[in-house]
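A quick write-up on the structure given underneath.
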Amino acid sequence: MPPLPQPPLPPALHPLRGQSLAVRVRRTFRSRKALSGVTQWFIDWGVPIALLVGCVWVFGAGRSEKGWSGIYRVFTLIDRPAHMLSWGASVIGWLLVPALIGGVAGHVIATRMQRVKDIATNHLFQQRPLSRRLKLPGRIAFLESLHMKSAVDQEFLDRYVRRAHAGDWKKAQDHWEVLVRDVLCTVELADLDRTEALTSAESFARAVMWMTAYQDKCLVCTARANQP
């Protein structure tokens with residue numbers, strides 16, 4: 001099957017579209033890859049599990065004759081379960097919660113023990129104050145915010161949005177987030193903190209546009225086009 005013809009390149013960048021709530025939420029969710037592995041796990045799995053436990057607890061308490069105290073006693077294996085939801089609470093209290101707490105605690109302790117003498121070269125002789133440790137992670141850059149910001153940013157947008165994506169801001173933003181997110185998952189950025197990791201990932205993603213083999217091309221478009 002012959003390749004589809006490419007749409008003609010627009011002579012200039014299309015007018016800005018603005019950032020919708022969906023794009024803002026998507027950027028925030030994809031930026032979680034800049035966080036540590038344990039923090040990512042809590043976001044990806046800990047929050048859904050906590051919601052499941054909360055639902056079982058609330059609905060189980062509503063069906064229990066003893067209310068909240070009754071479901072708590074089943075959850076902590078003091079009393080026998082009396083109905084289906086209480087059986088769910090009993091299984092969660094007996095199997096799921098101890099396994100999760102033990103697994104997370106073991107991982108954190110093992111990681112801390114391993115890093116007692118392992119220091120990344122970029123952290124040598126540096127102090128990391130509490131304000132930096134508690135600083136909220138940034139989000140993957142919104143491409144439209146770079147428009148007319150500087151000559152370098154404008155050249156990047158011209159290459160990435162106008163040439164690589166035929167002026168499609170929506171598609172370019174989506175692929176930019178995917179590219180930065182996947183770069184954040186590489187081993188080379190594993191030892192960086194959340195701010196440094198995000199900055200390095202975006203710098204690498206932008207540098208690709210100046211490589212000879214990928215000039216005016218999108219890595220995400222290329223990879224998806226070659227998918228079987």
Side-chain angles (χ1 to χ4, degrees), residues 17-55 92 96-97 99-115 118-123 126 128-146 153 156-157 160-161 165 169-209 218-224 227:
R17 298 168 48 90
Q19 183 175 198
S20 63
L21 178 61
V23 173
R24 192 183 300 272
V25 172
R26 188 185 66 196
R27 283 175 55 218
T28 302
F29 184 72
R30 286 174 172 173
S31 300
R32 79 194 189 282
K33 291 299 181 180
L35 302 171
S36 65
V38 175
T39 308
Q40 285 186 50
W41 186 90
F42 272 111
I43 295 175
D44 292 343
W45 292 99
V47 173
I49 290 174
L51 292 175
L52 173 63
V53 172
C55 291
I92 290 174
L96 184 61
V97 173
L100 293 178
I101 294 176
V104 172
H107 173 77
V108 172
I109 294 172
T111 302
R112 292 300 179 186
M113 291 175 65
Q114 183 179 1
R115 290 185 177 180
D118 292 345
I119 302 178
T121 54
N122 59 306
H123 290 163
Q126 294 185 9
R128 194 180 178 195
L130 184 61
S131 58
R132 185 174 179 180
R133 294 175 182 270
L134 299 179
K135 183 180 179 181
L136 294 176
R139 288 183 293 184
I140 298 173
F142 184 55
L143 293 180
E144 291 187 15
S145 66
L146 304 177
D153 292 333
F156 165 69
L157 292 179
Y160 194 76
V161 180
H165 293 97
W169 283 99
K170 182 178 180 180
K171 185 177 181 180
Q173 179 66 40
D174 179 40
H175 287 188
W176 166 252
E177 294 170 12
V178 171
L179 177 58
V180 175
R181 179 201 65 189
D182 290 352
V183 172
L184 284 169
C185 296
T186 57
V187 177
E188 289 75 12
L189 303 184
D191 292 330
L192 302 180
D193 66 26
R194 60 192 69 173
T195 304
E196 293 173 337
L198 183 58
T199 302
S200 299
E202 290 187 343
S203 297
F204 173 82
R206 293 182 62 159
V208 170
M209 294 304 298
C218 170
L219 283 175
V220 179
C221 291
T222 304
R224 293 181 177 180
Q227 272 186 334

Run the side chain to side chain donor-acceptor pair (under 3.5 Å) test against [X] and tell me which residues pass, sequence neighbours left out.
X: T186; value: none
X: E188; value: none
X: T39; value: S36

Nearest-0.5 Å distance that lies between atom [atom1] in [X] and atom [atom2] in [Y]:
X: T199; Y: R194; atom1: OG1; atom2: CZ; result: 13.0 Å
X: S31; Y: K33; atom1: OG; atom2: NZ; result: 11.5 Å
X: R181; Y: I140; atom1: CZ; atom2: CD1; result: 8.0 Å

### Query
Does the side-chain hydrogen bond (donor to acceptor under 3.5 Å, both in side chains) test come out yes or no for Q19 and R27, once each step is laid out?
CA-CA 10 Å; Q19 183 175 198; R27 283 175 55 218; 2.4 Å; yes
Using every non-hydrogen atom in the two residues, find where [X] and [Y] come nearest and quote the distance to one decimal.
X: L184; Y: A201; answer: CD2-CB, 3.6 Å
X: L189; Y: A197; answer: CD1-O, 3.9 Å
X: Q40; Y: L35; answer: NE2-O, 3.0 Å

For [X], side-chain contact (heavy atoms from CB on, under 4.5 Å) partners two or more places apart:
X: S145; answer: F142
X: L179; answer: V183, A205, L219, V220
X: K171; answer: H165, D168, H175, C221
X: C55; answer: F59

### Task
Using salt bridge (Lys or Arg N to Asp or Glu O under 4.0 Å) as the criterion, list what pairs up with R32, not counting sequence neighbours.
D44
### Task
Report the residues that fulfil salt bridge (Lys or Arg N to Asp or Glu O under 4.0 Å) with R26, sequence neighbours left out, ordered by chain and then residue number.
D174, E177
### Task
Begin with the C-alpha distance, continue with both residues' side-chain angles, and end with the deciding distance and a verdict on salt bridge (charged side-chain N to carboxylate O under 4.0 Å, His left out) for R206 and D153.
CA-CA 10 Å; R206 293 182 62 159; D153 292 333; 2.6 Å; yes
### Task
Would you check if the side chain of Y160 reaches a backbone N or O of W176 as a donor-acceptor pair within less than 3.5 Å?
yes
### Task
Check step by step if side chain to side chain contact (heavy atoms under 4.5 Å, CB included) holds for R139 and R24.
CA-CA 9 Å; R139 288 183 293 184; R24 192 183 300 272; 2.9 Å; yes
### Query
How about V161 and F156: do any of their side-chain heavy atoms sit closer than 4.5 Å?
no
### Message
Do Q173 and V178 have side chains that approach each other closer than 4.5 Å (heavy atoms only, starting at C-beta)?
### Response
no
